[in-house]
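Right, one structure below, let's go through it.
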Amino acid sequence: MPLSTLNAEQLSAATAPLGQNLIIASAGTGKTSTIVGRIAHLLQNGMDPSKILLLTFTNKAAGEMIARLERYFPKKIVSKIESGTFHAVSYRWLKELHPNLALKQPSELKTLFRSIYEKRNFERMNLPLAPFSATYLYEMYSLYQNASLEGFDEWFLEKYPEHDVIMDAYMDIVQEFEKEKIDYGFASFNDLLLRIKTYLESNTIHFEEVLVDEYQDTNTLQGALIDTLRPRSLFCVGDYDQSIYAFNGANIENIATFSTRYPEANVFTLKTNYRSTAPILSLANRVIERNERIYPKKLEVGRHGKTHPPRLLMYNDLFEQYQSIAQSIKHTHVPNDNIAVIFRNNSSADGIEASLREVGIPCKRKGGTSFFDAKEIKFLLDLLSLLVNPKDMMAFIHIFEYASGVGSALSKEFFQCFLHFGNGNFMQGVLYPVNSELPNLKPNKNVQLGLFDDDHEIGSATRFKHLDLPGNVYGHPLLKHPRIIQDGVKFFNDFYTLMNDIRAERDPAKILRTATSSKLYSGIIDMLSTQRGRLKSGEVDEEKKKLARERILRKAGLLLDLSRQYKELGRFVNAMVLGGGELSEGEGVNLLTVHASKGLEFPEVYVVDLVDGRFPNRKMMSSIEEERRLFYVAVTRAKDKLYLSLAKYDKVKKIDYKPSQFLHEAGLVKGEFVEPEPKKARKKKTAETDQ
DNA sequence: CGGTTAGGGGTTTTT
DNA sequence: CCCCTAACCG
């Protein structure tokens with residue numbers, strides 16, 4: 001049974017009485033085993049599994065814990081446990097209340113936000129200071145939703161009192177953004193939590209025990225969500241030294257004030273580290289001890305035997321560093337997937353990946369340009385999104401931007417045309433238009449300038465006659481649009497054919513099969529593979545193009561495989577948004593950001609680019625303490641061997657680097673770290689104004 | 001000119 | 001991938 005493998009401190013935590021329990025679990029102390037043991041304990045004592053809620057930071061983590069429980073309990077019981085990330089669980093509940101919920105990627109919502117922002121004319125407002133850019137304002141708004149429960153204006157002005165004069169305009173943008181989201185039927189990640197919180201304020205979903213993993217990274221909103229759940233018992237597991245999500249509103253106060261908020265709380269500490277060797281742990285501790293100790297803890301080494309001291313690798317040039325690491329990985333006897341290369345920023349990944357490829361070592365990346373960011377996959381998902389939610393203008397715009405001569409503005413007009421042709425029903429407007437006149441596009445222009453008014457119908461009937469299109473496309477009112485050209489009409493014809501083929505189908509796999517074999521998609525494949533097969537000289541290398549084409553087809557096939565588990569199209573599309581980033585492709589050496597490495601462990605770890613400015617990141621650093629925690633997380637991933645590396649110079653960018661202060665703190669570089677003169681920081685957060 | 005579209009150069013971290 | 005700038009259109 002899972003409980004019999006626990007040590008004394010883990011067991012006393014796992015069998016704690018119902019109530020408020022906080023488990024301080026340092027890196028590698030068997031946190032997962034303790035949570036699994038806790039659930040086993042609850043089940044053994046007869047708790048109804050459907051009254052247990054397990055909240056984790058990634059869906060993968062939840063899946064692993066559930067899988068471990070299935071080794072000891074019948075699947076029928078374990079599957080009743082409610083589990084997943086805050087977002088996944090909220091989505092599951094909301095889907096019952098709002099079946100048409102359409103989850104959107106943050107980047108999409110940012111684009112929507114920007115388009116609203118850009119309608120405002122700040123120059124005309126004669127402002128005494130430059131307003132924040134759309135991007136920065138969006139990021140702040142998003143952070144606010146996670147970090148605060150008060151009004152946006154209050155929260156914002158506390159940070160930037162001088163923006164008082166623009167606050168009304170900011171609020172106006174935010175309000176319009178909220179309205180547009182509802183009009184388009186969109187929900188953001190934050191909306192999932194916000195909406196379920198609102199629901200819970202007047203309704204109850206009762207749980208006997210709620211377990212929260214990675215409690216140190218819960219933000220204020222998630223904290224409030226736990227509060228509104230009001231479970232009979234709470235079991236929170238975390239380590240304040242591993243709190244690394246401040247940028248997402250993670251509130252270390254949640255864990256720091258647990259025992260004052262719940263005076264009856266039990267606090268358990270897991271002290272014995274079974275993961276890393278003594279020298280690795282002592283290095284980690286030396287550094288992290290410079291941060292304030294919130295709860296007392298002292299790590300004890302659970303592993304004995306032969307050890308390798310952590311090694312500092314210092315190089316003269318950036319690429320020499322990557323190439324040398326690739327060589328060292330090539331010559332080690334450890335299997336590739338037992339090795340991780342960990343970095344602070346994704347910008348390190350390309351160089352490492354290229355160097356590994358050079359010597360023929362396979363590698364996989366999590367984050368960065370993921371599977372779902374690939375254009376060929378995004379296109380298919382946009383098609384599906386549009387089928388699920390025909391109000392999804394963003395998805396439509398992305399699809400039609402592939403037609404040559406069509407950009408985002410014209411694509412948007414086309415969408416409005418279809419809505420008009422179908423009396424508000426998009427699909428109707430595409431397939432069976434009831435209005436055959438163009439809508440009045442940009443009425444202000446027409447009225448003020450008297451332009452374009454009578455251009456609308458020019459050549460509409462005859463312009464595309466030679467294309468030999470089927471009658472229903474040839475007679476479609478979209479062809480009357482003055483700015484559609486031949487390629488656009490051909491694209492529309494293929495789009496029309498596909499929509500006609502899949503309009504009645506609801507099964508995700510069948511739709512994908514039709515879509516991937518459609519003429520529309522083969523056009524996309526051709527365009528993308530030609531682009532990717534192009535050499536620096538501009539010529540297309542047929543071999544390279546063929547390879548790109550095969551890669552695209554393989555990816556599309558993978559998406560099709562994923563879709564087979566889903567019966568309902570909407571759930572499939574949302575699942576791809578919700579869990580998409582967690583999928584990593586292929587086999588080989590693991591390339592990870594520190595954030596992505598959380599919760600994982602590897603026999604051999606390389607932490608690279610440990611130079612001042614990059615790690616710690618000095619550009620937009622929230623605090624040196626947080627950067628130190630990031631360093632702590634990175635090094636405590638290592639079980640047996642730890643390499644810390646840096647290069648003193650980047651000859652491509654011509655930048656000199658100094659060793660990271662954490663290497664001084666670790667005692668690997670002699671002497672106390674001296675902070676360099678702060679360079680004039682480029683202000684990126686303010687928008688350019690003409691004055 | 002104004003509004004778009006298309007292509008080139010720099011990047012913090014995530015559900 | 002996001003921001004900027006150079007061509008392009010009516």
Side-chain angles (χ1 to χ4, degrees), chain A residues 55-62 84-91 103-108 110-111 114 118 133-136 138-139 142-143 145-146 187-193 214 217-219 221-222 243-250 342-350 366-370 373-375 378 401 403-413 442 445 448-449 451-452 455 458 482-483 485 488 531 534 538 574-575 577-582 592-598 609 613-622 626-627 629-630 633-634 652-653 682 684 687-688:
Chain A
L55 295 167
T56 54
F57 198 78
T58 64
N59 289 301
K60 195 174 150 216
T85 60
F86 279 86
H87 295 90
V89 168
S90 300
Y91 170 73
L103 200 50
K104 274 284 171 189
Q105 296 281 9
S107 60
E108 296 279 284
K110 195 171 171 178
T111 307
R114 197 167 42 227
E118 279 164 0
S133 68
T135 307
Y136 189 70
Y138 173 81
E139 277 160 15
S142 188
L143 173 63
Q145 291 187 306
N146 282 298
S188 67
F189 282 114
N190 295 345
D191 290 332
L192 293 177
L193 306 191
E214 309 283 6
D217 282 320
T218 52
N219 57 43
L221 175 57
Q222 290 165 333
S243 175
I244 54 174
Y245 279 86
F247 70 89
N248 196 33
I342 298 177
F343 33 82
R344 174 68 180 87
N345 332 317
N346 260 314
S347 55
S348 301
D350 284 340
K366 200 189 142 197
T369 316
S370 81
D373 293 328
K375 287 198 168 77
K378 265 208 84 211
E401 273 177 317
S404 64
V406 181
S408 57
L410 187 53
S411 200
K412 185 175 177 177
E413 280 193 17
K442 298 190 185 166
K445 281 242 154 58
Q448 281 181 344
L449 303 170
L451 291 173
F452 312 123
D455 287 1
I458 287 184
R483 291 185 52 210
I485 56 171
Q531 220 171 60
R534 211 175 283 281
N574 286 326
V577 179
L578 212 47
E582 294 179 27
L592 303 157
T593 62
V594 183
H595 287 90
S597 77
K598 184 165 93 157
D609 288 333
R614 288 177 67 150
F615 197 168
N617 187 316
R618 289 198 186 275
K619 254 185 208 153
M620 235 181 230
M621 184 167 72
S622 59
E626 175 115 342
E627 295 291 315
R629 289 192 288 267
L630 279 158
V633 169
V652 180
K653 288 185 186 162
R682 273 186 300 156
K684 232 190 160 174
E688 228 79 53

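Here the structure is a predicted model, which means the values were calculated and not measured. No hydrogens, no waters, no symmetry mates; every other heavy atom, side chains included, goes into these values.
- Taking the side chain as every heavy atom from C-beta outward, Arg114(A) and Tyr138(A) never approach each other to under 4.5 Å.
- The shortest side-chain heavy-atom distance between Lys110(A) and Glu139(A) falls under the 4.5 Å cut-off.
- Rounded to whole Å, atom C1' of dT14(B) lies 14 Å from atom CG of Leu592(A).
- Applying the ring-ring contact (aromatic ring centres under 6.0 Å, His included) criterion to His87(A), with sequence neighbours excluded, gives Phe189(A).
- A centroid separation of less than 6.0 Å is found between the aromatic rings of Phe247(A) and Tyr245(A).
- Distance Lys104(A) NZ to dT15(B) C1': 17 Å, rounded to the nearest Å.
- A residue-by-residue look at Glu139(A) and Gln222(A) shows that Glu139(A) has its nearest nucleotide of DNA chain B further toward the 5' end.
- Residues Phe189(A) and Asp350(A) both approach DNA chain B. Their nearest nucleotides, taken by heavy-atom distance, put Asp350(A) toward the 5′ side.
- The shortest distance between side-chain heavy atoms of Arg344(A) and His595(A) falls below 4.5 Å.
- Taking side-chain N and O atoms only, Thr593(A) has a distance below 4.0 Å to OP1 or OP2 of dT14(B).
- Residue contacts shown for Leu410(A) are limited to sugar-phosphate atoms, with no base heavy atom under 4.0 Å away.
- Two residues are said to be in side-chain contact when any heavy atoms from C-beta on lie closer than 4.5 Å; Leu103(A) and Leu192(A) meet this criterion.
- Listed nucleotides: dT13(B), dT14(B), dT5(B). Nearest to the side chain of Arg344(A): dT13(B).
- The side chain of Arg114(A) places an N or O atom within less than 4.0 Å of a non-bridging phosphate oxygen (OP1 or OP2) of dC3(C).
- Out of dT14(B), dT15(B), dT4(B), the shortest distance to the side chain of Thr58(A) is found at dT15(B).
- The residue Arg629(A) sits apart from the nucleic acid: no heavy atom pair falls under 4.0 Å.
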Could you spell out the base pairing of DNA chain B in dot-bracket, with Watson-Crick or G-U pairs whose two distances are under 3.5 Å, [ ] crossing and | to another strand? ||||||||||.....
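- Separating the NZ atom of Lys375(A) from the C1' atom of dG7(B) is a distance of 11 Å, rounded to the nearest angstrom.
- In this structure, Phe247(A) packs face-to-face on the six-membered ring of dT13(B), meeting both the 5.5 Å centre cutoff and the 30° plane limit.
- In this structure, Glu108(A) places its CD atom 9 Å from P of dC2(C), rounding to the nearest Å.
- If you measure from atom NZ of Lys598(A) to atom C1' of dT12(B), you get 16 Å, rounded to the nearest angstrom.
- Every residue two or more places apart in sequence or in another chain was checked for a salt bridge (charged side-chain N to carboxylate O under 4.0 Å, His left out) with Lys412(A), and none qualifies.
- With dC2(C), dT15(B), dT13(B) as the choices, the nucleotide that has an atom nearest any side-chain atom of His595(A) turns out to be dT13(B).
- Of the listed nucleotides (dT5(B), dC2(C), dT15(B)), dT15(B) has the atom at the smallest distance from the side chain of His87(A).
- If you measure from atom CD of Gln105(A) to atom C1' of dC2(C), you get 16 Å, rounded to the nearest angstrom.
- Between Asn346(A) and dT13(B), a side-chain N or O to OP1/OP2 separation shorter than 4.0 Å is present.
- The separation between Leu192(A) atom CG and dT14(B) atom P is 19 Å, rounded to whole Å.
- Between the P atom of dT14(B) and the CG atom of Asn190(A) lies a distance of 16 Å, rounded to the nearest Å.
- Here the side chain of Lys378(A) is nearest to one of dC1(C), dT14(B), dT4(B), namely dC1(C).
- For Thr593(A) and Asn346(A), the side-chain atoms include no donor-acceptor pair closer than 3.5 Å.
- Side-chain N/O atoms of Thr135(A) include one lying less than 4.0 angstrom from OP1 or OP2 on dC3(C).
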